[in-house]
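Everything on this sheet refers to the single structure shown next.
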Amino acid sequence: MSDLFQCSVREISEKLKKKEISSVELTQKSLEQIHKTEPQAEAFLTVCEEQALAQAKKADEVLAAGTAQSILTGIPMAVKDNICTKGIRTTCASRMLEHFIPPYDAAVMEKLNGANAVMVGKVNLDEFAMGSSTENSYFKKTKNPHDLTRVPGGSSGGSAASVGFHEVFYSLGSDTGGSIRQPAAYCGVVGLKPTYGLVSRYGLVAFASSLDQIGPLANNVEDCAFVLETIAGKDPRDATSVDSRKADFSSGLGKGVKGLRIGIPKEYFGSSLNPEIKEKVLNAVKALEKEGAEIVDISLKELDYALPAYYIISSAEASSNLARYDGVKYGYRAQEFDSLIDMYRKSRTEGFGDEVKRRIMLGTYVLSSGYYDAYYKKAQQVRTLIQQSFVSRFEQVDAIITPTVPNEAFRIGEKTDNPTQMYLEDIYTVSINIAGLPAMSVPCGKTSSNMPVGMQIIGKHFDEKTILNVGYTYEQIRGTF
Ligand code: GLN
């Protein structure tokens, strides 16, 4: 790998501005790295060589004219394949959308194109973003950059791996219950899920609309801040997006954590947590305490209910959102059928994988008239309790730190026969989506098997600045490992 790919966005942008390298050269290097690494990594579903080089050429013109508006201009990146890209196949890693070419760009793509960013390709995920290992992709199994026999996490496994394998400088993922933070933790990169509403979901293929958010994955905290300020903002096409004209996340990152109150919820450090991960996360907390943060023991006792509530709400919404794939309007249609109903049935049977079917069935069940009150309504009540619990804890503290995941990345195939085991990987991340809060996973060491550990920094609604600052401060004192 070329040393160039160890550079931060800030450093590489300097090189581009000083003409030490052109965007076309940089993009060629990224494409070379992809060709070299992909046979093992399998992070990409589509590599857009021609478009990327054309974008790079345009970026070089903008840079030469001195009109570059963004620090991201000319820098190669990758996008999760559930984010619509005009004229470029967007599959959601599903047979259902294997040949789907969107006629429009997602809002985040419009913003990145406006910044003259260079998209080198679309990256792998669990089918329709349902999963925690990227093994649910119809197309391929992405590998973990630290151990090729292990999963990269999911569902944004391709987004995390493409950064971890240094194929690109940053990527976009989506997070419904942990899908940015968990793969970031497994692959040793930084991943940020923004507050619900900060980034437009227009053009993100819907999984669970009340939980989905797009966010960045990158090598360091500042890079994530640069991407976030580029993609944030109100969009009339997503009624849940909010005005964030003050979206400046990168300035003031060095201001430190003196006097900042950081809450440590005891429920997140219980017996189901791998002791090595516990040690690494608590060491990071100690390091922040040395920098002047005040550490406060808190309790978030609704943790036990978060996972069942999440899987009920997200599956209910998924069953409704995925009803549109009927063999008529979008995507795959079965070749042979006897009637209209038979065509619907066969198209969905053949077009969707097992996990997606499981969620659709679960979601349809919890929404059915006899069970609605017992499951869906109850889960919504639990959602309110979880939200209230976080809001009241945030009267005591400015940020909360937990592990991102209870375990290190597991081996490919280890959990495929046991969906409940797989769901348990999301135990620390789902409540953040339920409450709509921002949270970021930052690498904080490695286990004895040399696998990365991530700590999760959770903030108040729209207070990305504080969590970025905590992560940045930690990065400066962390050293390398
Ligand atoms: N692993 C979780 C799930 O399968 C989260 C997925 C996500 O955030 N997209 O639902």
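Values reported hereafter were calculated over all heavy atoms of this structure, with side chains retained and with hydrogens, waters and symmetry mates removed. Since the model is a prediction, treat every value here as computed from it, not as a measurement. Counting convention: from 1, in listed order, for ligands and their atoms alike.
Qualifying side-chain hydrogen bond (donor to acceptor under 3.5 Å, both in side chains) partners for K80, counting only residues two or more places apart in sequence or in other chains: S155, S156, S174.
Checked against the 6.0 Å centroid threshold, Y104 and Y202 count as a close aromatic pair.
To the nearest 0.5 Å, the span separating CG on L125 from CZ on F139 amounts to 9.5 Å.
D243 and K234 are not joined by a salt bridge, as no carboxylate oxygen comes within less than 4.0 angstrom of a charged side-chain nitrogen.
In this pair, Y325 and Y330 present their aromatic rings tilted. The plane angle is within the 30 to 60° band.
Every protein residue with a heavy atom nearer than 4.0 Å to ligand 1 is included here: A129, M130, G131, S132, S155, D175, T176, G177, G178, S179, F207, Y310, Y311, R359, D426.
Figure legend: K415 and F410 shown as a cation-pi pair, the cationic atom lying under 6.0 angstrom from the six-membered ring centre and within 45 degrees of its axis.
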